[in-house]
Amino acid sequence: PMSDSEAMVLLRKYLQDRRFLFMLPRAVGLQMLHPTIARAISEHALHRERIWLHEQRTVTRAIEIASAERDMAPAIRFAHDHVTGRTAAGAKYHALQPDVFHFQHATYVETLFCMVETFIGPLDDTRRETLYRGCCDWYRRYGISTRPLPGSWPEFTVYFDDYCRAQLRPGPHFEQFRGEILDPSNWWPRVVPRRAIRAMQHPWARELAGIEVSRRDTRSLRLFTHTCRVFSP
């Protein structure tokens, strides 16, 4: 097995690959199907109408945290302490609530794995578990409760599917972001073909948001993948 330090090196390698940024519409599509996350973005994000400007700031910071030499937990708490309110159903929320905070992180983890296997190639069991161990260390750097954190990649896949089934749902909270998710106007996702963005959506997002993926969409993603491989050997 690879060491913990090797796990972090592997994680940083993939996080710094621009193709991870190309794949972010997959993560954001899932996030905006979460009523609490969508509500928090719509009420507190600086660029709530242009979600990719918000993602540029938050994802860049998240990637920096994976490589930071200093403790970033105080900065995370400071940046999120004010993000509080009530959902459309009247329930209180806070951005640092462990279950919600971890799910948002988990969408990036799931998207990172999907990016690697889509753009680079399959991971064997050892490398997959090593990368996931790096993702766990990445999450611990936030200083948020690790109670929701699955201990292994197989446990993560079960957790992720169960959470999506129980917590995600369609509605106005998603619809206000649909256009920007599928047709990004800012940052690196804007260079991704729109058909490819539909094809890269997670099965839960496709089902809940009614995103139809055609053969042309699938071919577009395949062609985009090939193009990226040519320019990112």
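As a basis for the values below, the full set of heavy atoms in this structure was taken, side chains included, without hydrogen atoms, waters or symmetry mates. Model, not experiment: these values are computed from the prediction.
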Side-chain contact, heavy-atom cut-off 4.5 Å: [X] with [Y]?
X	Y	answer
F119	R18	no
L112	M115	yes
T84	K92	no
Y163	L30	no
P148	F101	no
R147	D99	yes
Y132	E129	yes
M200	T111	no

Between [X] and [Y], is the ring centre distance below 6.0 Å?
X	Y	result
H102	Y159	yes
H202	F160	yes
Y108	W138	no

Quick one: [atom1] on [X] to [atom2] on [Y], what's the gap to the nearest 0.5 Å?
X	Y	atom1	atom2	result
I63	L15	CD1	CG	5.5 Å
H173	H34	NE2	NE2	9.0 Å
T36	F103	OG1	CZ	11.0 Å
T130	D125	OG1	CG	10.5 Å
L21	M23	CG	CE	12.5 Å
L149	H105	CG	NE2	7.0 Å

Just by distance, do the side chain of [X] and the backbone of [Y] share a donor-acceptor pair under 3.5 Å?
X	Y	value
R195	R216	no
R178	A209	yes
R26	A199	no
Q104	Q31	no
R12	A66	yes

Tell me, yes or no, whether the heavy-atom count around [X] atom [atom1], taken from other residues, nucleotides or ligands under 6.0 Å, exceeds 12.
X	atom1	result
D71	CG	yes
W204	CH2	yes
R165	CZ	yes

* To do: Go through W153 and L131 one step at a time and tell me if the side-chain contact (heavy atoms from CB on, under 4.5 Å) criterion holds.
  => CA-CA 9 Å; W153 175 251; L131 178 57; over 6 Å; no
Inset, instruction - Dump the intermediate steps for side-chain contact (heavy atoms from CB on, under 4.5 Å) on F156 and E110, then the final yes or no. - result: CA-CA 9 Å; F156 175 87; E110 194 276 341; 4.2 Å; yes
**Message:** Ignoring hydrogens and geometry beyond distance, is a side-chain donor-acceptor pair present between D217 and S220 at under 3.5 Å?
**Reply:**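 Looking only at side-chain atoms, S220 and D217 do not form any donor-acceptor pair under 3.5 Å.
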May I ask whether V9 and F20 are part of the same hydrophobic cluster, defined by side-chain heavy atoms of I, L, V, M, F, W, Y residues being less than 4.5 angstrom apart, directly or through others?
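No, because V9 and F20 fall into different hydrophobic clusters, even though each may have its own neighbours under 4.5 Å.
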* To do: Group every Ile, Leu, Val, Met, Phe, Trp and Tyr by side-chain heavy-atom contacts under 4.5 Å, then state whether I197 and L223 land in the same group.
  =>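 Hydrophobic grouping puts I197 apart from L223.
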inquiry  = side-chain contact (heavy atoms from CB on, under 4.5 Å) for F174 and L208? Distances and angles first, verdict last.
reply    = CA-CA 10 Å; F174 175 84; L208 293 172; over 6 Å; no
Shortest non-hydrogen contact from [X] toward [Y]:
X	Y	value
R86	R39	O-NE, 3.0 Å
Q201	G29	OE1-CA, 3.8 Å
S145	Y139	O-OH, 3.3 Å
C135	L11	SG-CD1, 3.8 Å
R133	A7	NH2-CB, 4.1 Å
A68	R141	O-NH1, 2.7 Å

- Give the C-alpha distance, both sets of side-chain angles, the deciding distance and a yes or no for side-chain contact (heavy atoms from CB on, under 4.5 Å) between I41 and F177. CA-CA 10 Å; I41 295 294; F177 297 109; 3.7 Å; yes
